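Not measured: the values here are computed from a predicted model. Order of the sequence lines sets the chain letters (A, B, ...), proteins ahead of strands, with each chain counted from 1.
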Amino acid sequence: MGLLHNLGTVCILLGIPFFISGTIGLLRFPDIYTRLHALTKADNVGLGFVVLGLSLQADGWHTVARLLLIWLLVLIASSASCHLVARAALRKKIEPWSRP
Amino acid sequence: MMDAMGIFDMVLALALPWLGWRLLASPDLFRAMVLFISLGLLMALTWVRLQAPDVALAEAAIGAGLTGALFLSALRRLERLSEAERRLAFAGKREEEDEIPPERHRRAKPVAYGLALLLLAVFVLLLAWSLAQTPAGGGLGPAVGEQLGQSGVRSEVTAVLLNFRGYDTLLEVMVLFLAALGVWSLTRVRLPLQDEEPGPVLATLVRLLAPLMIMVAGYLVWIGGSRAGGAFQGGAVLAAAGVLLLLANVTVVRQIPAALLRWGLALGPLLFLLTAVVCVAAGGNLLEYPPQRAGAWILLIESASAVSIGVTLAALYAGGRPPEPPAQDRGGEQGPGRDADADAGGRQ
Amino acid sequence: MNTLLFYDFSGLALLAIGLHGLIRSSHPLRKILAANLMTSGVFLIMISGARGTGQTMIDPVPHAMVLTGIVVSVSTTAVALVLVCLVQETTNRALLWQKRKREKWGRTDG
Amino acid sequence: MADAAFWAICLVVAPLFFAISSFVRGGLAHVFGPLAAWLNALAVLGLTVSFARSGPLRYAIGGWQLPLGINFRIDGLCVLMLAMTAVTGLAVSMYALGYFSLRIGSARQMSRHEQQRLFFWPLWLLLWAGLNGLYLSSDLFNIYVTLEITGLAAVSLTALSGKPAARLAALRYLLVSLLGSCSYLLGVALLYRCYGILDMAALSRLVSPGPLLWCGLALLTAGLLLKTALFPLHFWLPPAHANALAPVSAILSGLVVKASFYLLLRLWGEVFAQVLPPAAYVLLGALGCGAVLWGAAQALLQKRLKMLIAYSTVAQLGYLFIALPLIRLDPGPAARQAVVLLILSHACAKSAMFMAAGSIFLKAGHDRIADLAGIKEVLPVSSFAFVLAGVSLMGFPPSGGFVGKWLLLGVSLAGGQWWWGMMLVTGSLLAAGYVYRVASRLLVFKAPFFSRRQAIPPVMEWSAVLLAVLAMLLGLLAGSPLELLAAGNQVFSPAGLEVLR
């Protein structure tokens, strides 16, 4: 396999810790806002790396374009849903957590 | 590598029932529903692992997404109801019979319960044992492979769904139609679905995504002929667009005339049925497409069905027949939904 | 160990859990959730059987059947959920199977 | 050119088409509905005539032969069930026509009754299509889909009345039917995994005893028993049947429960008859006995007419299950003929009863049995229909029920299992008890009766009477249906399946 393929693998491997840390944040953080923060931020970077890695390994522009589209859609969806969840939480008068 | 996948399979296979248990055991219904949606997504992953991409797509869109949305909206409706009740202080006046706590059910007849549980366990173990015992049966895989060339499509699942067993699918489209009919017969929808304003982000999102989703739906129907995809998957994506539009309370959606909606629901079933009849009129059997044009006919049926499936699923989400225009509303007469409220109010 | 059998057992477990929940839960929404779990279990058994037939080729017939099943199940779920909401609205009752004295005597519709 | 296959297609396509049309053009629903009912009757007539000429046949949908495709299988039993559905369905449709026009005419809450009519017709036609499809189909999975259509339509129809009790009953009904179809589906999946085929006739040639077969069969049966409401699983039936609108009650009690019993008859009497142990039949027979006793006892205790009729359905379904061990016992066709006769006569009699009860309800404004004395003065025809249907349920001589029970009695005595016969006689006596409870009020006592002013349209009264008379005369006319059954008999017994392949 060529250099590009290896580079792609490295990128994908780089993306994994972000996902893991995002998930840990989702599970361990104290309140809904911090959890949202952890999830969306870390996962978006993680996904970025994975998409980058897969694009490097892709066998044509079609695939790359599709991967980029997926990335874009996930970005839009996650930021919008993050916003909506946070707004709903604020509406319900859930106080943001502060260090006790 | 195989081993790694084996472990993955094992974890997945264990996670599914665990999640199922958790969701039924959780006292909070909202949490249960969120777990249900995540279970649906894990199921979709399982379908991919079991090499059933068509099913995975349908599961993710319909099984997890739309069913989950249905559950959540039902829960919200119930919660809103109980809140209203509290506000009106009905709760104190309810009859005693209504106040029996669930615990009474739980504790009833522990012996019978234990016995039933034992019976269930025995039967499940028996099933498991017999599943493990069975030799691999024939299956219709080879038969499908042989006839695939004559089906007019290249995807095996689509060939089974729309050609070899097209009659099943015809009836299935009818089931969906029937569900919409049933829901419409029960009650009338109350728009907007959300109490609060949708807000700029949701509105923008919907404006961005809705056209894209319609395009994706078309793509899924088109690609269904050769790969994973088809009317149901495409229809589900259309329905998702519809649900978003409903949630964002877009004016256009509210102003769709009821007659047009009826036609939208009926288009797929009607066209499918007419195609079946045309096949008979052309001298073949029911649903026997002319061999050269089978592909085109299937695409036609699938496109119409996808539209209807989308409309139907979105209508199911809306949860009732469209409100009649005020001009036709006769004063003092109410639909069943409103009657029901009057009934509940009249009781105390 | 055959991994397919794992999925079979997983499906069976889902089925059993769903059945248990369907009978034991008191809230109708949870009952419907449980029924959905049951059908998911059945689908899992069907699909894992489609690959377990031993041939290299996958049997697409169960796939088509499960697709049909998913659509049927969403249809019934939708009707059930609307019914639950309506029952709740008219009777204020969260408990579905509760006997009520008046039911025997109450007016019916001709 | 109009052969049996053509008529069979009409039986599925026409109700579906009219269901969709009556939904899209809601204003014409009450025109399309009865039209579809008449067309359906015509198609069944055509089917019967051409079937009598040509004998049993198979029809490959989409031109795909077994094992790949779905087949219609048209034999004597199937034609008889279709005919039963057509005749009862036609009567109910005519009744519904009068019923809704009466209710819409009686000014209060007009738009609500209009809504009911608007949705009654498409739902009922879809239900009808589901039933026809179920009787015609030979494919287990296809039958699952038709069962779902039937079940979902039945639930929606139950809830149509809009009363809280009806909605609650509908929800229970839906949950039970969900459980039933889930069990059935798993059964189909296991059988498919065993034999790789879904066609019933082909399956019956392949089956061999094995653990997976037992499990699959147990699941299929359990699902269908739930839907048929056999005795310990009957809890959902009485509230659902009693709280629905009158035409809907007639449909549910007369036709819908028969569909799942028909399937059980196919599976236990034909497809798996070779491998099932006799003990299993005895178990079902015993449950049937329980149903007869429990249903009749509950019927005797009911205070409301519609509840009484609904419990009587539970009891009458028991007879059908008592017939199963006798089918196993009997080498000849007598027991099979008997069970088919019982199904037919119960469909007619029970629908007639519910229709008459509906007319009585509308006229009296209630259905408390104790307060119905003297209603024959204002509703002579409906009272007569009710009593006539009751007499036929009891199994009085010329009725179809009588001939069926007589045949079964003969089989049980000849086979040395007299207890089944005794149970039949006991059940008849109990039925006589609860019919007498009502009949004595309706016909014997004379009391001043205060009724509503509205006149019951003659079509409602006469459709009930005609059905009741038909149930009564079925014993005399039994010859021709039994001939039809015999014509398909080589299909009805497993040995004849070779011919078809």
- Could you tell me which portion of L186(D) (side chain, backbone, both or neither) has an atom closer than 4.5 angstrom to a non-hydrogen atom of chain B? side chain
- Check each of L178(B), L181(B), L176(B) against L152(D) using the side-chain contact (heavy atoms from CB on, under 4.5 Å) test, and report the only one that passes. L178(B)
- Message: I need the minimum non-hydrogen distance between C215(D) and S130(B), along with the two atoms involved.
- Response: SG-OG, 3.5 Å
- Message: Is it the case that the side chain of Y289(B) and the backbone of G62(D) share a donor-acceptor pair, with hydrogens and angles ignored and the cut-off at 3.5 Å?
- Response: no
- Compute both the distance and the angle, then confirm whether R262(B) meets the cation-pi test with F23(D): under 6.0 Å from the six-membered ring centre, within 45 degrees of the axis. yes
- Item | Most chain D-contacting option - heavy-atom pairs closer than 4.5 Å, from L273(B), V175(B), L274(B) | L273(B)
- Query: Who wins among Q147(B), E172(B), E288(B) for the most heavy-atom pairs under 4.5 Å with chain D?
  - Reply: E288(B)
- Winner by heavy-atom pair count (cut-off under 4.5 Å) against chain D, out of N163(B), V144(B), V277(B): N163(B)
- Note on the structure: For Y167(B) and G133(D) the tightest heavy-atom approach is OH-CA, 4.1 Å
- Non-hydrogen atoms of chain D under 4.5 Å away: do they reach the side chain of A259(B), the backbone, both or neither? neither
- Where on L261(B) is there a heavy atom nearer than 4.5 Å to chain D: the side chain, the backbone, both, or neither? neither
- Task: With a 4.5 angstrom heavy-atom cut-off, could you sort out which part of F177(B) is near chain D: side chain, backbone, both or neither?
- Result: side chain
- Query: Just by distance, do the side chain of N285(B) and the backbone of A60(D) share a donor-acceptor pair under 3.5 Å?
  - Reply: yes
- Interface moiety of I9(D) toward chain B, non-hydrogen atoms closer than 4.5 Å: side chain
- Message: Is any side-chain heavy atom of D139(D) closer than 4.5 Å to one of R165(B)?
- Response: yes
- Could you tell me whether W263(B) atom CH2 has more than 12 heavy atoms of other residues or ligands within 6.0 Å of it? no
- Proximal component of L16(D), with respect to chain B [non-hydrogen, under 4.5 Å]: both
- Heavy atoms of L186(B) and R167(D) approach each other most closely as O-NH2, 3.7 Å
- Write down the atom of L140(B), the atom of Y192(D), and the distance for their closest heavy-atom approach. N-OH, 3.1 Å
- Message: I'd like to know which of D168(B), V160(B), L287(B), L126(B) tops the heavy-atom pair count under 4.5 Å against chain D.
- Response: D168(B)
